[in-house]
There are 2 protein chains.
Amino acid sequence: MKLEKLTELHKVPQKRQYRDACGLALALDLIGERWAMLVIRELIFGPKRFNELRAGLPGISANVLTQRLEGLEAAAVVRRHRLPPPASAQVYELTEWGYECEPVIRMIGRWAIRSPEHDSSLPVSTTSIMLSFKTMFDPARAMGLSLSVGFRFGAESFTLGIADGAIAVSRGDATAPDLHFTGTPEAVAALVYGGEPLEALEAEGMLAVEGDRALVARFATLFPMPEKHA
Amino acid sequence: MKLEKLTELHKVPQKRQYRDACGLALALDLIGERWAMLVIRELIFGPKRFNELRAGLPGISANVLTQRLEGLEAAAVVRRHRLPPPASAQVYELTEWGYECEPVIRMIGRWAIRSPEHDSSLPVSTTSIMLSFKTMFDPARAMGLSLSVGFRFGAESFTLGIADGAIAVSRGDATAPDLHFTGTPEAVAALVYGGEPLEALEAEGMLAVEGDRALVARFATLFPMPEKHA
DNA sequence: CGGCATCCGGGAAGATACTG
DNA sequence: CAGTATCTTCCCGGATGCCG
């Protein structure tokens, strides 16, 4: 072991902190590091394993993800479970308090999306697109509508339900959905947010739809983008 | 000019970005850098000059503040004004869209404050304490109450008004307030959030109060701290 | 494969000094 | 007062490799 290593043992790591009683400053100490909020986003719909997280966070490196998970665990935002053998893997899950920052995350996204910088054609994770439905849902446009929609992105599937002007999203296959989409998150985003015609996306093989096509059109209107700010 | 400088001119600065269509990721590109949200916080009650910002952000260095202001200006969150001569100074002000992230900032703080890590005895800026009143205000506890409160922290003064279960805060001296506090933000925090007795704070010379003392006691109950998460 | 440690290069943050 | 210039330190990102 080198000498510097020994001296490192003596100094407390002393994570960079704002040391401010303000709640915002504390929040930034807890979840303000690069990637931290995106890790939380990826866990919004339930526990994930290390490489599932990586898949939803293109560009993060393994060591940084490890550090973030350690930091979020220390902050009591994330909890780590060991799956029983023979799976011998770990899963990461938001704590109850961690789940409570979902409204915050949605509100930040809703604010930012009004920036002229926003480019909805960029890649998007499966969690992002499903979370965006909760963020952008307009209850007024769903008056009297009740439906269930299934989504399949590769091996992942989600269920979205709308009833009484409320929306719910969860992981897993829908049982007898009114609509079902199979494709990429980007294709679904192009349909709902980009105004791409369904026919074009189907023709390119980006998206496959089962269900009433008029209902698809209706569905795509339920998530209006707010106006750009200026 | 050194050779490295010349080569720097050739490479695009290429700010680190998430390049993700998710609104949250965009938000973090815009205001996710260290100190950025705290700069926004400091501007919530109106324009400030460079050194006024520094005063509310203990620990920030001048060059980092310069960079943040440049970044926030590029993101259209902050606007820079040149005051007319002879003042010849600049002020920084949130854009209309920038002001719209106040609810987001308050919500983040409200979430974070439930962390066991929270320490309300740490130093706090004048903006933080005044913003915290808007964040923590409980309309139910202010039923039937209508009052105006003045605050003076050194050269800065604020006015807080409560009426019809709503709260308003602005910069400037209150005209004929029901209560008036003179002292430090920390002393006010100790009274309202720390449960410190008014007498102790007055005896130590931390806080001077004008107005009905029973009303001070009532005022201090209007901002309940949420329970710690676990 | 999943998770973590290590090393390295570049760049952002922090501290201090300095200038118009 | 309002920033720049410079230097150091630390964090991030990528690559590699270890270990279960």
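Below, read A as the first sequence line, B as the second, and so on, with proteins coming before strands; counting in each chain starts at 1.
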I'd like to know if [X] pairs up with [Y] as an ion pair, taking the criterion as any Lys NZ or Arg NE/NH1/NH2 lying under 4.0 Å from an Asp or Glu carboxylate oxygen.
X: A/Arg114; Y: A/Glu227; value: no
X: A/Glu93; Y: A/Arg80; value: no
X: A/Arg41; Y: A/Glu102; value: no

Reckon [X] has a side-chain N or O less than 4.0 Å from the OP1 or OP2 of [N]?
X: A/Tyr18; N: C/dA13; answer: no
X: A/Arg16; N: D/dC11; answer: no
X: B/Trp35; N: C/dG14; answer: yes
X: A/Gln67; N: D/dC12; answer: yes
X: A/Arg34; N: C/dA12; answer: no
X: A/Arg80; N: C/dC4; answer: yes

Write down the distance between [atom1] ([X]) and [atom2] ([N]), rounded to a whole number of angstrom.
X: A/Arg19; N: C/dG14; atom1: CZ; atom2: P; result: 14 Å
X: B/Tyr92; N: D/dC1; atom1: OH; atom2: C1'; result: 11 Å
X: B/Asn63; N: C/dT16; atom1: CG; atom2: P; result: 12 Å
X: B/Ile60; N: D/dG3; atom1: CD1; atom2: P; result: 13 Å
X: A/Gln17; N: D/dC11; atom1: CD; atom2: C1'; result: 15 Å
X: B/Asn51; N: D/dT4; atom1: CG; atom2: C1'; result: 14 Å
X: B/Gln90; N: D/dG3; atom1: CD; atom2: C1'; result: 9 Å
X: A/Glu33; N: D/dC10; atom1: CD; atom2: P; result: 15 Å

- Answer with yes or no after comparing the ring centroid distance for A/Phe133 and A/Phe158 against a 6.0 Å cut-off, counting only values under it.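 Between A/Phe158 and A/Phe133, which both carry aromatic rings, the centre distance is not below 6.0 Å.
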- Among D/dC12, D/dG13, C/dC4, find the nucleotide with the atom closest to the side chain of A/Thr66.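 For the A/Thr66 side chain, the nearest candidate turns out to be C/dC4.
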- Message: Rounded to the nearest 0.5 Å, what separates atom CD in B/Glu100 from atom CD1 in B/Ile105?
- Response: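 B/Glu100 atom CD to B/Ile105 atom CD1 measures 12.5 Å (nearest 0.5 Å).
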- Query: Does A/Arg54 or B/Ser61 map to a spot on DNA chain C nearer the 5' end, using the closest nucleotide for each?
  - Reply: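 The residue closer to the strand's 5' end, by nearest nucleotide, is A/Arg54.
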